[in-house]
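Here's the structure, in structure tokens; my notes come after.
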Number of protein chains: 2
Amino acid sequence: MENETKKQLNIKDLARLAGVSTSTVSNALSGRRHVKPATKQKILELAQQYHYQPSVMARGLCRQKTKIIGVITADLYNPYYTEVIKGIDAQAKQLGYTIVIGSTNYDDYQEMEEFRKLNALCVDGFIIIGSQNTHFRFSEINSRKVPLVFVDREVKNHPSVLIDNKAAMMKAVDYLCSLRHKKIAYVGYQGTNIINLEKRLEGYKAGLKKNGLAFNSKICLLSNALLSNEFNVAYGMLDTYLKNNGCASFSALIGEADIIAFGCMRALQDNHVKVPGQVSVVGFDNIHSSKFSNPRLTTVNQPKKKMGKIGAKMLFSAIEGHRKINTNSVYLKTVIVERESAGLA
Amino acid sequence: MENETKKQLNIKDLARLAGVSTSTVSNALSGRRHVKPATKQKILELAQQYHYQPSVMARGLCRQKTKIIGVITADLYNPYYTEVIKGIDAQAKQLGYTIVIGSTNYDDYQEMEEFRKLNALCVDGFIIIGSQNTHFRFSEINSRKVPLVFVDREVKNHPSVLIDNKAAMMKAVDYLCSLRHKKIAYVGYQGTNIINLEKRLEGYKAGLKKNGLAFNSKICLLSNALLSNEFNVAYGMLDTYLKNNGCASFSALIGEADIIAFGCMRALQDNHVKVPGQVSVVGFDNIHSSKFSNPRLTTVNQPKKKMGKIGAKMLFSAIEGHRKINTNSVYLKTVIVERESAGLA
DNA sequence: TTGTAAGCGTTATCAC
DNA sequence: GTGATAACGCTTACAA
């Protein structure tokens, strides 16, 4: 039996087994320096046979590079973020990077702590996802000056990958107008300090104006509750509204996010208004479950996975120095996904 | 300005600043050895002021412990897994551990690779989530002999946290029977080698028998498609069935997982059968979106977050040696969450 | 083409 | 109470 209680072996052991020095092993494995084919072959075989894996710790320590990137996100359970992360992960795998995810529970303080922690891990760079409005400056605590890329968050002097929330929301209004809707309600949040949401609201108003429609604050339902449990918040607001006013004042409704749109659909349906028969609904984000809802949700797609991929690409090219990090942000295209929840007025 | 281009400083720098040796700094920070209060105070202040963070790499190298645990999961985007991970994460944060997640895309080979990679990172232990039926033995490649805990997966000689899938599914049948249903359909997968799913099917059959109902293969719809896109697979199977046979042959239906139940609800609704009016539907898992569906899904809850938490606790106590790792599995309770999709026959 | 040895930033052992 | 110093496992000059 060759494999009884073999302990983790290190480069020295391997060197001894191959009858060469550690530097030869190192070079054979990394290909940095030329090693006689026969020797190299032998080393590779031994490494294979014994499942040799160089210690990330030792290597990281001596090279000051780890092939690890830190990803910071507010919430591991939010499908929007996890889809972005999937994009990052796919790209990272391709280039042999490991990602480590820090989650902040939407909290600025925890965000900073996670940053510190991952920084101490000697990550080669960061991708920071999401649009919390933080008060501390990353550049101040980024003592190792590793590259930073933001996704879905705009930070001065840092590269980000974004969508144009305002324009995207305008498109949603345009779309509804093209379906001949004249009274379009809006359900969302205000005062969150989340710039993306503010931009969406702006887009709603701008879209109305562009299409010659007047803004009516009565049918613009905004909550300033904490950002969580959006489904119930949206449901509650709209349900109350419908009980008091019926649905005569609008023929279409935009949810600031898909979850909000779901809440609205349920409120509508529970108040016996047909979607899309009496009221059309459109959401924003195109999260997974909008394919499953009843009716399937028409929504504004954010290319989440692609955002992650592109963010990762930007980061990796900055890390590997192919080009100096570009502080320009990239904006990705959004598009309306027509499904079942919106129809002709 | 005190903070201009200060580079990352290390323990030596700090020692110099404090006028003491590195070992004193180390001891002051870790508290392992006693340090004169005044000195300690000074060191702590300096550390604070300069945002000193000990290098995880260096520490990991010399202690062979990293306070990092590896979490391996099939799919970062699957809400079932991410909820488990949230539980792990919460527990890890509390104990000062960092988690690093490896994703395998449901692939055995990738699972092994992730294990290797994280092992090279010198993680202190692993939590492996999900029920792929892998063919390699972890114990063989676990060269550093770190503790392993499985969640939602049974592995011989290793501790796991599980639910009793068979019993849980029986409960679902019981529940439907208590609603006086006599003809209960089942939609799921077969031949996946995923033991949990096989147990669920067993539970369905056992539940039928227990309630004096005959198993009818006509209304047990099983797919052997690849496990992905379950919504559409379920939708397709049931839609075809309904078009050919109508829905007279059953008054209730169990989806092997919530997503499957969603697919079934849509197929039912698109074929103009009312849920729960004509057919009651119950799912399994209680993922987030089952609260949002229309109708809201009645389903079997798995305590996912708790499973993660408990798995993490087991792992940490094994790591810290409070008790020898227990190879006994723990089974958590499942419960039916009554919502709207199931009613009296 | 290969080997030797210094160094990466910590902690642990042993002196003092 | 505190300070040298040798590990930890790797990479990389510098020699040979």
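Residue numbers begin at 1 in each chain, while the letters A, B, ... track the order of the sequences.
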Legend entry - Nucleotide range of DNA chain D lying under 4.0 Å from chain A heavy atoms: D:dG9 to D:dC14
Legend entry - Any donor-acceptor N or O pair under 3.5 Å, side chains B:Ser26, B:Ser23: no
Inset, instruction - For the residue pair A:His158 and A:Ile128, establish whether any side-chain heavy-atom pair is separated by less than 4.5 Å. - result: no
Inset, instruction - Could you please spell out the steps behind the salt bridge (charged side-chain N to carboxylate O under 4.0 Å, His left out) verdict for B:Lys93 and A:Glu114? - result: CA-CA 10 Å; B:Lys93 274 223 170 84; A:Glu114 288 299 320; 3.8 Å; yes
Inset, instruction - Give a yes/no answer on whether the side chain of A:Thr24 brings an N or O atom under 4.0 Å of OP1 or OP2 in C:dT2. - result: no
Inset, instruction - Answer yes or no for B:Lys67 and B:Tyr97: cation-pi contact, defined as NZ/CZ to six-membered ring centre under 6.0 Å and angle to ring axis within 45°. - result: yes
Legend entry - Short N-O contact, A:Glu111 and A:Arg153, less than 4.0 angstrom: yes
Legend entry - No-hydrogen, no-angle side-chain donor-acceptor test under 3.5 Å, B:Asp152 and B:Asn196: yes
Legend entry - B:Glu113/B:Arg116 salt bridge by N-O under 4.0 Å criterion: yes
Legend entry - Heavy-atom protein contacts under 4.0 Å, nucleotides 7-16 of chain C, coded B base, S sugar-phosphate only, - none: BBBBSB-B--
Inset, instruction - Output the distance between atom CD1 (B:Ile141) and atom CZ (B:Phe115), rounded to the nearest 0.5 Å. - result: 5.0 Å
